[in-house]
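Computed from a prediction, not measured in an experiment: that's the story for all the values here.
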Amino acid sequence: MSSFIDGNTNTGCGDGLDGRVGGIVAVMCLLVPFAVVNREIALVHQSSSMSTIYNILLAVSICVVVFYLIGYALSNGFLPDHNQNSFVGERFFFLINRDMCAYIDVIAELARALTTITIVLGAATERIHTYAVTILTICITAFIYSIPRYWTAGDNSWLLQNGRMLQDTAGNGSMFFTAGLMALILTLVIRPRNQKVRQAPFFAINNPTGLISSTMMGIIGSVFMIAFSSSRRVSIIGDNIAVNDNPDARALKGCVNIVIAGALGGLSAVGAQRYMERKQLFISPQMHLRIASAGILSGIVSVSSFATVINPELVIPVAMLGGVVCHALMMFLKRKMKDDATDASAIYLGGGVISLLAAPFWDEEDGIFFHGGKWHGLGWNLVCMIVCLLWVGSLFSFLCLFLSRMRVLSFPDEHIESEQGLDVSLFSMDVTMLSQAAENRFGFHAGVYTPAPARGRNRYHQRSRPHPHDTTTLETSFADPANSNTNTPHRHKHMHNRKNNSILPETTTYSPIPEDSREGEEDLSSSTILPGGVVVNDSDVEI
């Protein structure tokens with residue numbers, strides 16, 4: 001086992017250049033979850049953007065804390081002298097006894113955990129409840145994602161020892177596969193956003209510029225996560241795919257392959273859409289933009305398991321297949337009226353499956369195309385997919401169904417169906433609940449007052465003025481139960497008169513009367529009517 005894992009600082013991490021470069025690479029890996037978040041914000045409606053951002057910040061904060069406490073230990077805490085075939089990590093809880101030089105790896109692994117969380121929760125944006133965000137983030141980071149991550153990237157994992165040859169460089173393909181699987185499960189369990197989404201020809205793009213920027217950000221972040229960071233991790237802790245060339249050349253090869261794969265994935269996805277619409281006179285530009293963006297990301301994910309170990313010409317068929325599969329899954333979910341808000345299932349589940357199935361064919365040392373007859377790599381990749389499917393599928397499905405049964409998986413229907421959006425509907429419901437609580441506790445309705453431009457010394461005015469001859473029963477605030485005269489409105493909202501420092505009751509909202517009944521009456525718009533019909537000039541009254 002290498003000195004990096006043993007905690008020896010004599011690894012080149014502290015000699016200056018390598019430490020700084022490694023730190024920059026690790027931090028740049030955070031562009032991937034940031035790109036996923038930006039895609040989510042670009043696709044949600046403006047009226048629900050604030051609640052969406054709040055859930056994102058909550059999920060990111062919880063993920064960082066849980067990953068620091070136990071997530072990193074379970075996913076990367078393998079022992080150098082431990083017996084082989086471990087099931088889960090056993091050390092580095094709270095990062096205790098972790099060498100500071102290894103913090104580069106901690107940041108890179110945190111970026112992968114954040115990527116998984118943002119992918120899963122983004123699929124259910126605009127309707128997932130805040131309680132569900134909290135519970136799902138804790139469970140995914142703690143064990144649903146961390147344990148399969150150890151299986152596919154841990155040096156002592158049972159999938160990587162004793163002749164078992166899982167073909168997945170640094171566990172990239174498995175990470176995207178599990179994230180896409182959880183996104184699909186959440187999409188199937190949670191209800192769609194509203195009825196309009198079901199009947200729309202395609203889900204709209206509310207910020208095209210944000211969608212383009214998130215796609216470009218995803219390409220750059222993938223270069224650092226899949227190419228540079230994975231090559232560094234492979235060269236330090238050992239890789240299941242043996243390659244003769246050095247890590248630097250391997251990282252540069254991965255960078256080229258990722259860019260080519262993204263371009264080919266986008267072209268193939270758009271080409272598939274144009275083929276389907278060849279008989280239509282009008283083609284929605286929003287549809288093409290969204291499909292192109294998803295195809296680019298799916299092409300990158302499709303080569304994530306082996307981008308650093310193949311030549312660029314071999315990327316072409318895999319990336320094109322990834323774009324076509326992504327488009328097919330998007331259309332299938334649309335036809336089945338399943339509301340995947342960010343196309344996470346099509347991008348990451350489809351691309352992850354292709355990546356894990358294609359990696360055994362392109363391995364330069366043990367690949368089927370390079371060394372005929374060596375099919376054991378494909379067999380172990382299938383085993384990896386099956387065990388991840390059973391572990392993640394069963395635990396996450398149970399968790400989602402439990403939250404749905406407890407009615408905390410999504411917001412109530414009146415909020416999701418509101419045309420005003422979550423931001424307005426949630427806030428207005430809070431105000432209504434507060435008003436109802438005040439009425440139940442104190443026995444009065446909360447009066448409504450609106451600010452108006454200052455008129456003389458009067459700083460506020462009532463929404464509607466009472467007519468001087470209108471003595472009907474009116475809805476008032478702070479009604480005095482001691483006075484039962486229904487023709488006299490009672491108001492205890494205090495107004496101060498600065499001349500004699502007295503307290504005068506203030507009027508509240510009155511029901512409007514027809515305009516024709518006001519003809520010939522005296523204009524009292526700048527006066528206040530007190531109980532008993534007393535008129536007070538507003539210029540002499542201050543709040």
Side-chain angles (χ1 to χ4, degrees), residues 22-43 56-57 59-60 63-64 67 71-72 75-76 104-123 125 137 140-141 145-146 149 152-153 168-180 182-183 210-233 251 254-255 257-259 261-262 265-266 293-305 307-308 322 326 342-352 355:
I24 293 174
V25 169
V27 172
M28 292 299 291
C29 291
L30 293 172
L31 283 177
V32 177
F34 190 66
V36 177
V37 167
N38 273 269
R39 178 180 178 86
E40 178 181 353
I41 296 175
L43 296 179
I56 291 172
L57 294 177
V60 169
C63 178
V64 171
F67 185 81
Y72 181 78
S75 60
N76 291 270
I104 296 174
D105 182 62
V106 174
I107 297 298
E109 288 300 305
L110 174 61
R112 287 178 167 86
L114 288 173
T115 300
T116 303
I117 291 296
T118 52
I119 289 173
V120 175
L121 299 181
T125 188
T137 303
I140 292 173
T141 308
Y145 157 79
S146 297
R149 176 65 183 165
T152 58
D168 185 11
T169 305
N172 293 319
S174 304
M175 176 193 69
F176 290 121
F177 171 75
T178 55
M182 286 187 283
L211 183 63
I212 295 299
S213 62
S214 68
T215 305
M216 301 305 297
M217 206 178 306
I219 296 174
I220 298 173
S222 299
V223 167
F224 284 94
M225 178 179 288
I226 298 175
F228 291 104
S229 178
S230 297
S231 296
R232 175 183 173 82
R233 180 179 176 86
C255 177
N257 289 337
I258 287 171
V259 174
S293 173
I296 290 173
L297 299 177
S298 182
I300 294 174
V301 174
S302 299
V303 300
S304 60
S305 294
T308 59
C326 176
T342 58
D343 311 313
S345 306
I347 296 173
Y348 301 102
L349 180 58
S355 180

Undergrad: Decide yes or no on side-chain contact (heavy atoms from CB on, under 4.5 Å) for L110 and Y72, but give the supporting numbers first.
TA: CA-CA 8 Å; L110 174 61; Y72 181 78; over 6 Å; no
Undergrad: Which atom pair, heavy atoms only, marks the closest approach of G295 to C326?
TA: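 Reported closest heavy-atom pair: N-SG, 4.3 Å.
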Undergrad: Going from CZ on F177 to OG on S304, what distance comes out if it is rounded to the nearest 0.5 angstrom?
TA: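 Nearest 0.5 Å value for the CZ-OG distance: 12.5 Å.
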Undergrad: Side-chain contact test, heavy atoms from C-beta onward, threshold under 4.5 Å: evaluate it for I56 versus I41 and give yes or no.
TA: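 A side-chain contact exists here, since the closest heavy-atom pair is under 4.5 Å.
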Undergrad: In Å, rounded to the nearest 0.5 Å, how long is the span from CD1 of I220 to OG of S222?
TA: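 Separation between the atoms: 10.0 Å.
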Undergrad: How far apart are the closest heavy atoms of L114 and C63, and which atoms are they?
TA: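 Scanning both residues completely, I find the closest heavy atoms to be CD2-SG, 3.6 Å.
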Undergrad: Apply side-chain contact (heavy atoms from CB on, under 4.5 Å) to residues Y348 and M175 and explain how you reach the verdict.
TA: CA-CA 9 Å; Y348 301 102; M175 176 193 69; over 6 Å; no
Undergrad: Backbone N or O of A111 within a donor-acceptor pair of the T115 side chain at under 3.5 Å?
TA: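 Checking the backbone N and O of A111 against the side chain of T115, a donor-acceptor pair under 3.5 Å is found.
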Undergrad: For M28, run the side-chain contact (heavy atoms from CB on, under 4.5 Å) check against L30, V32, I24 and tell me which one passes.
TA: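 Only one of L30, V32, I24 forms a side-chain contact (heavy atoms from CB on, under 4.5 Å) with M28, namely I24.
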Undergrad: Could you tell me which non-hydrogen atom of A108 sits nearest to which non-hydrogen atom of A26, and how far apart they are?
TA: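 Minimum heavy-atom separation between A108 and A26: N-CB, 4.1 Å.
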Undergrad: Please check: side-chain N/O of N172 versus main-chain N/O of S305, any donor-acceptor pairing under 3.5 Å?
TA: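 A pair under 3.5 Å: no.
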Undergrad: Between the side chain of S146 and the main-chain N/O of T141, is any donor-acceptor distance below 3.5 Å?
TA: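 Side chain of S146 to backbone of T141, a donor-acceptor pair under 3.5 Å: yes, one is there.
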Undergrad: Between F176 and S355, is there a side-chain heavy-atom distance shorter than 4.5 Å?
TA: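 When only atoms from C-beta onward are counted, F176 and S355 do not touch, as no gap falls below 4.5 Å.
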Undergrad: Does atom CE of M217 have more than 12 heavy-atom neighbours from other groups under 6.0 Å away?
TA: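 More than 12 heavy atoms, drawn from other residues, nucleotides or ligands, come within 6.0 Å of this atom.
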Undergrad: To check you understand the geometry: which heavy-atom pair defines the closest contact between A227 and A251, and what is its length?
TA: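 Of all heavy-atom pairs spanning A227 and A251, the closest is CB-O, 3.5 Å.
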Undergrad: What is the minimum heavy-atom distance between I300 and I219, and which atoms define it?
TA: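 Scanning both residues, the minimum pair turns out to be CD1-CG1, 3.8 Å.
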Undergrad: State, without any angle test, whether T125 and E40 hold a side-chain donor-acceptor pair at a distance under 3.5 Å.
TA: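 There is such a pair between these side chains.
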Undergrad: Which distance, rounded to the nearest 0.5 Å, do you find between the CD1 of I104 and the SG of C29?
TA: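 Output value for this atom pair is 11.0 Å.
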Undergrad: Indicate yes or no for a side-chain donor-acceptor contact from S75 to the backbone of R149 under 3.5 Å, with no hydrogens or angles considered.
TA: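 No, S75 side chain to R149 backbone: no donor-acceptor pair under 3.5 Å.
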Undergrad: Taking all atoms of both residues into account, what is the closest heavy-atom pair of F67 and A113, and its distance?
TA: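 Closest approach of F67 to A113, heavy atoms only: CD1-CB, 3.9 Å.
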Undergrad: Quick one: pull up CG in L121 and CD1 in I140 and give me the separation to the nearest 0.5 Å.
TA: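 Taking CG in L121 and CD1 in I140, the distance rounds to 6.0 Å.
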Undergrad: Would you compute the distance between atom CD1 of I119 and atom OG1 of T178 and round it to the nearest 0.5 angstrom?
TA: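 I119 atom CD1 to T178 atom OG1 measures 8.5 Å (nearest 0.5 Å).
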Undergrad: Please confirm whether the backbone N or O of G173 pairs with a side-chain atom of D168, one donor and one acceptor, at under 3.5 Å?
TA: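 Yes.
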Undergrad: List the steps and the verdict of side-chain contact (heavy atoms from CB on, under 4.5 Å) for T116 and M182.
TA: CA-CA 9 Å; T116 303; M182 286 187 283; 3.7 Å; yes
Undergrad: Quick one, R39 with I347, criterion side-chain contact (heavy atoms from CB on, under 4.5 Å). Give me CA distance, side-chain angles, the key distance, then yes/no.
TA: CA-CA 12 Å; R39 178 180 178 86; I347 296 173; 4.0 Å; yes
Undergrad: To the nearest 0.5 angstrom, please state how far the CG atom of L43 sits from the OG atom of S214.
TA: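 One gets 7.5 Å once the value is rounded to the nearest 0.5 Å.
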